[in-house]
Amino acid sequence: MYGSIKETRQKLIGGEVTLPEVVNHFIEKINDRNSELNAFLEVFENEALSRAAEIQKKIDEGKAGKLAGAVIGLKDNIVYKDHKVTACSKILENFESLFSATVVERILAEDAIIIGRLNCDEFAMGSANETSYFGEANNPWDSKRTPGGSSGGASAAVAAGMCNAALGSDTGGSIRQPASFTGIVGLKPTYGRVSRYGLIAYASSFDQIGPLTGNVEDAALILEVIAGRDKMDATSSSRQVENFSEINNVEKGLKIAYIKNIIDHPSLSEDVRKSFTELIDDLKGRGFTVEAVEFPYVDYMVPTYYVLTTAEASSNLARYDGIHYGYRSPNAYDLESAYVKSRSEGFGLEVKRRIMTGTFVLSAGYIDQYYGKGQKVRRLIADKTNEIFGKYDFIITPTTPHAAFVHGSKGDDPIKMYLEDIFTVHANIAGIPAISVPLHLNSEGLPFGTQVMAPKFEEKKMFDFAAYLEKELKKY
Ligand code: GLN
């Protein structure tokens, strides 16, 4: 209703609207739709309104930060000082953080308002927001369907207009897949672009924080604020942070690759195949070079991802032992039973499955066969990806094989759910940036996204191209 974050900021500066009015607008939307969508776990209503009044003063004095007008929800695995954070797990129920994530500090310093905590899969493990201890989140386009996962509350909230942006995390697609399913923009930055300090770890060599927004420019603006070196995260990069949100025109000389075996992939729905093929033709017609490339590892992506991420998860989640954090079983009678019972009662089924898988792939006798092999395949995938980027500016794929599915339709077979990530895990395995842009609707009128992947640290170019797609090729 207020347009992009920059437009809202302009309206605030021009006095067309006040920040308390903007916040109240979003609160009304939340009151209207949250019981149906289960996107917000908690709304910081009073706090948001009093911050709005304070920032309004700064606006009146001509001192508004870059994100004045941004009303942002936080996926419940990003910590915010003196606020609850649970990773949607019973094991952290009622846990309060003693510090704020670097991304939180950075958006607050630019006058964003944090409106509340958003539902997600437990410890960000899932593709449908069905593993959350606090229940499923639902898709605003059709509430019987999933908004995607794991950042399902975030995508539902932004798509339903309950906030104008959210911060999520993406380990294998958890920002881009929900964005695809709800018709919004989702960005996974280059590994190391954004500090992970204060993100509850799932698989540390894959995890990145990124924005879910209504448009490409907002995603670029938020990245501009949250990116950059942070001494609290040794893997954060000191690469220069460009003015991502100053979107430039694209050159028609750009060379774009698409992966041939993805177009022919059996998982792809007819609707997605047809729209994606039309997009390729459309781009060619507009003077871009668009060519098919061979990528022999498509079917190795998901297995590689699940071997390596479960290994990292089994180690990261060892800290929830019933002693240091959160839930302790009331049935414990000694130290060992405190560990066993707290973890057995505190973790959900999917999290336990992954901890056990990860422990197995790291165990003596199997580590070389599984974890070691997974590392090697990761390198092969990254090398082959870089080779493609030697000749092309971007790789495009559908973000998801189909549009949002009905809750529960994947049954009890975890593999079916894991295969949902087939096109998104690539970017996390290779450490490259990727963005999902909503361009199409399927025959049932449901949205799905197109993914653009770029070489490491080429977010600026990627945003320019994504903004071009959004402006010129969106079909609805
Ligand atoms: N759906 C994937 C998984 O279950 C991705 C999760 C994520 O990116 N956090 O692991």
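Note that ligands are numbered from 1 as they come in the structure, with each ligand's atoms numbered from 1 the same way. Only heavy atoms go into these numbers, but all of them, side chains included; no hydrogens, no water, no symmetry mates.
Between Glu350 and Arg354, at least one side-chain nitrogen of the basic residue sits less than 4.0 Å from a carboxylate oxygen of the acidic one, meeting the salt-bridge criterion. A salt bridge is defined here as a Lys NZ or Arg NE, NH1 or NH2 lying under 4.0 Å from an Asp or Glu carboxylate O, and Arg145 with Asp142 meets this definition. Using a 4.0 Å cut-off between a side-chain N of Lys or Arg and a carboxylate O of Asp or Glu, Lys460 and Glu242 do not qualify as a salt bridge. Ion pair Arg343/Asp321 not flagged as a salt bridge, since none of the NZ, NE, NH1 or NH2 atoms sits closer than 4.0 Å to an Asp/Glu carboxylate oxygen.
Relative to atom 10 (O) of ligand 1, the option among Phe206, Phe123, Tyr305 with the closest non-hydrogen atom is Tyr305. Residue Ser127 holds the heavy atom nearest to atom 1 (N) of ligand 1 of all those in Cys120, Ser127, Gly148.
For the pairing with Cys163, the side chain to side chain contact (heavy atoms under 4.5 Å, CB included) check across Leu74, Val158, Ile113 returns one residue only, Val158. Results of the side chain to side chain contact (heavy atoms under 4.5 Å, CB included) test with Phe123 over Ile355, Leu92, Thr131 single out Leu92 as the only residue that passes.
Within ligand 1, counting atoms from 1 as listed, the ones closer than 4.0 Å to a heavy atom of Ala124 are 6 (C), 7 (C), 9 (N). Set against the non-hydrogen atoms of Tyr306, the atoms of ligand 1 under 4.0 Å away are 2 (C), 3 (C), 4 (O), 10 (O). In summary, the atoms of ligand 1 found under 4.0 Å from a heavy atom of Asp170, numbered by their order in the structure, are 8 (O). Distances below 4.0 Å separate heavy atoms of Tyr202 from the following atoms of ligand 1: 9 (N), 10 (O). Per-residue contacts place Ser150 under 4.0 angstrom from the following atoms of ligand 1 (heavy atoms of the residue considered): 9 (N). Heavy-atom contacts of Gly172 reach the following atoms of ligand 1: 5 (C), 7 (C), 8 (O) (cutoff under 4.0 Å).
Only the side chain of Asp421 comes within 4.0 Å of ligand 1, counting heavy atoms alone; its backbone N, CA, C and O stay farther away. Of the heavy atoms in Arg354, only side-chain atoms (C-beta onward) come closer than 4.0 Å to ligand 1. Residue-level proximity to ligand 1 for Tyr418 is absent, since no heavy atom of it falls below 4.0 angstrom. Proximity of Ser174 to ligand 1, defined as any heavy-atom pair under 4.0 Å, is shared by backbone and side chain alike.
Every N/O-N/O distance between Met125 and ligand 1 stays at or above 3.5 Å.
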Would you list the atom pairs, donor with acceptor, under 3.5 Å between side chains in residues 207-216 and any protein atom, with sequence neighbours excluded?
residue, atom, partner, partner atom, Å
Asp207, OD1, Thr171, OG1, 2.7
Asp207, OD1, Ala203, N, 3.1
Asp207, OD2, Tyr202, N, 3.0
Asp207, OD2, Ala203, N, 3.3
Gln208, OE1, Val194, N, 3.2
Gln208, NE2, Val194, O, 3.3
Thr213, OG1, Asn215, O, 2.8
Asn215, OD1, Glu217, N, 3.3
Asn215, OD1, Asp218, N, 2.8
Asn215, ND2, Asp218, OD2, 3.2

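Figure legend: Lys384 and Tyr297 shown without cation-pi pairing, the cationic atom not lying both under 6.0 angstrom from the six-membered ring centre and within 45 degrees of its axis. Cation-pi geometry between Lys341 and Tyr339 is not met at under 6.0 angstrom from the ring centre and within 45 degrees of the axis.
Ligand 1 lies nowhere less than 4.0 angstrom from a heavy atom belonging to Gly149.
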